[in-house]
K.L.:
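Have a look at the structure that comes next, please.
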There are 2 protein chains.
Amino acid sequence: MDNKENIKITEQQILEAAQEIFIEKGKDGARMQEIADRAGINKALLHYYFRSKDKLFMNIFKKVMHGLLKQVDQFMDCEDIFGFIEKVVPSYISVLEKNPYLPSFILNEVNRNHEGILNIIQTSDLDKSKLKKILENNIAMGKIIPITLEQLIVDILSLCIFPIAAKPIILGYLFQGNTNSHEEFMKQRADHIIQIMRLALTPKNNIQS
Amino acid sequence: MDNKENIKITEQQILEAAQEIFIEKGKDGARMQEIADRAGINKALLHYYFRSKDKLFMNIFKKVMHGLLKQVDQFMDCEDIFGFIEKVVPSYISVLEKNPYLPSFILNEVNRNHEGILNIIQTSDLDKSKLKKILENNIAMGKIIPITLEQLIVDILSLCIFPIAAKPIILGYLFQGNTNSHEEFMKQRADHIIQIMRLALTPKNNIQS
DNA sequence: GTCTATATGGCGATAGAC
DNA sequence: GTCTATCGCCATATAGAC
């Protein structure tokens with residue numbers, strides 16, 4: 001009957017539950033029992049769908065990692081570098097604020113040499129050539145200062161991702177636990193990054209309006 | 001005899017071993033047996049010096065966290081903001097490159113609500129007033145654009161820390177595993193950050209040299 | 001203080017009925 | 001495909017001799 005549908009539903013529920021728990025607790029901290037509970041099924045059924053905790057984790061990690069990288073990819077068809085920055089920065093911050101544990105989870109797991117995790121990162125077939133051409137063009141036209149694509153991308157991602165990953169430190173260390181001040185800080189963060197990058201990239205002899 | 005000295009030596013060896021293993025494997029991934037092995041002692045002795053894994057972990061985390069925050073603190077007596085940036089950026093990157101797992105370890109652990117971890121962060125009694133005064137002074141003199149101290153500090157730390165924490169991603173995703181290119185990238189990173197921040201902070205009508 | 005031996009519990013994984 | 005029951009292991013922690 002609706003057997004096939006049930007399979008999909010169960011598998012989907014497992015994947016959703018596993019993603020939540022893995023991101024929240026990390027691979028080592030996650031418990032198969034807790035994943036089963038949140039998925040509303042039995043622990044044995046987990047091993048029926050995914051043979052082991054390792055396999056389940058890799059499944060989740062691959063999906064999440066590729067999703068995050070695609071988040072950069074989708075804005076690469078743009079007229080100039082500033083257009084790219086203005087689109088990617090608010091989008092990235094918005095996504096990460098809805099998933100606050102995602103950055104530290106990813107950064108943590110990629111630094112433990114799990115088998116095959118490096119392979120997952122390299123498997124993402126991003127086409128940077130488009131953005132690279134735009135960058136070189138912008139530089140040649142004198143619209144922005146000379147900069148390598150790699151430094152630029154790392155700059156942007158750093159400024160977006162670190163504040164989310166380090167939220168407890170920033171909240172405690174810079175704002176003494178004052179959540180209102182921190183919220184205000186984060187509300188201005190995207191605009192601030194765009195402004196900083198615009199100021200940094202714009203040549204001094206090319207003042208805009 | 002040298003009993004007292006032996007105690008200190010043993011405790012020190014435990015602390016060093018525990019710090020290495022916790023940073024490398026995370027709290028959940030670390031094993032008391034492995035810590036004991038690396039310290040050259042017995043597993044039971046760990047529990048004699050530190051009652052539990054939790055207590056040992058908190059001991060380590062506190063030390064490491066305060067050390068990192070102090071790393072910012074020590075450069076705060078400076079004439080102007082650019083002096084601060086030019087000293088803190090190379091120093092921070094240099095320290096973190098020698099301890100590549102440190103950033104992702106810290107970022108990961110602060111996002112799991114271990115009991116008392118927030119307390120540790122707030123306990124660091126940094127005096128930001130000095131730097132704040134310098135910043136406000138620099139802004140009033142028109143040496144740099146208007147910017148809040150919090151956004152500035154987060155900008156600097158982001159640009160320094162993220163590239164270390166995300167090294168496997170940057171290496172795989174931006175450099176396709178080419179370690180030579182990545183090394184070159186990191187060699188230029190400190191100078192790049194200083195340049196970017198100088199360009200961003202310097203008012204457009206105040207061209208230097 | 002330091003060790004060996006053991007208690008105690010929890011976890012991933014499997015067997016087997018339905 | 002889903003469940004209950006259980007195996008086998010390993011981790012933290014303790015007991016007790018030296």
K.L.:
Looking at the side chain of B:Leu45, which of D:dT2, C:dT2, D:dA13 is the nearest nucleotide?
P.N.:
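It is C:dT2.
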K.L.:
Roughly how many Å is it from CG in A:Asp54 to P in C:dC11, rounded to a whole number?
P.N.:
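Taking atom P of C:dC11 as the reference, CG of A:Asp54 is at 17 Å.
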K.L.:
Give the rounded distance in Å between these two atoms: CD1 of B:Ile21 and P of D:dT12.
P.N.:
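Rounded to the whole Å, the gap is 11 Å.
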K.L.:
Which pairs with one or both residues in residues 151-176 of chain B pass salt bridge (Lys or Arg N to Asp or Glu O under 4.0 Å), sequence neighbours excluded?
P.N.:
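Every pair satisfying salt bridge (Lys or Arg N to Asp or Glu O under 4.0 Å) with a residue in residues 151-176 of chain B: A:Arg189-B:Asp155.
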K.L.:
Kindly say if A:Thr10 contacts the phosphate of D:dG1, meaning a side-chain N or O under 4.0 Å from OP1 or OP2.
P.N.:
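A:Thr10 to D:dG1 OP1/OP2: no side-chain N or O under 4.0 Å.
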K.L.:
May I have all residue pairs that pass salt bridge (Lys or Arg N to Asp or Glu O under 4.0 Å) and include part of residues 90-115 of chain A, sequence neighbours excluded?
P.N.:
none
K.L.:
Whole Å only: how far is the NZ atom of A:Lys53 from the C1' atom of D:dC10?
P.N.:
13 Å
K.L.:
Restricting to pairs with a member in residues 14-48 of chain B, which pass ring pair (Phe, Tyr, Trp, His ring centres under 6.0 Å), not counting sequence neighbours?
P.N.:
B:Phe22-B:Phe57
K.L.:
Starting at CZ of A:Phe50 and ending at P of C:dG12, how long is that distance when rounded to a whole Å?
P.N.:
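So the CZ-P distance, A:Phe50 to C:dG12, works out to 15 Å.
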K.L.:
At a heavy-atom distance below 4.0 Å, what parts of residues 26-41 of chain A sit against DNA chain C?
P.N.:
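A:Ala30, A:Arg31, A:Met32, in order of number.
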K.L.:
Over all heavy atoms of both residues, which pair between B:Ser158 and A:Pro163 is shortest? Give the atoms and the distance, please.
P.N.:
OG-CD, 3.9 Å
K.L.:
Considering residues, nucleotides and ligands other than A:Lys63, do more than 12 of their heavy atoms fall under 6.0 Å from its NZ?
P.N.:
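Above 12, so yes.
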K.L.:
Tell me if the NZ atom of B:Lys62 is crowded by more than 12 foreign heavy atoms within 6.0 Å.
P.N.:
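Atom NZ in B:Lys62 is not packed in, count stays at 12 or less.
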K.L.:
NZ of A:Lys128: more than 12 outside heavy atoms within 6.0 angstrom?
P.N.:
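Enclosed.
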K.L.:
List, one per line, each side-chain donor-acceptor pair under 3.5 Å for residues 26-33 of chain A, sequence neighbours excluded.
P.N.:
from: A:Lys27; atom 1: NZ; to: A:Asp54; atom 2: OD1; distance (Å): 2.6
from: A:Arg31; atom 1: NH1; to: A:Asp28; atom 2: O; distance (Å): 3.2
from: A:Gln33; atom 1: NE2; to: A:Asp37; atom 2: OD1; distance (Å): 3.0

K.L.:
Between protein and nucleic acid, restricted to nucleotides 14-18 of chain C and to nitrogen or oxygen atoms under 3.5 Å apart, what atom pairs and distances do you find?
P.N.:
none

K.L.:
Can you measure A:Leu46 atom CG to C:dG12 atom P for me and round it to whole angstrom units?
P.N.:
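After rounding, the gap between these two atoms is 10 Å.
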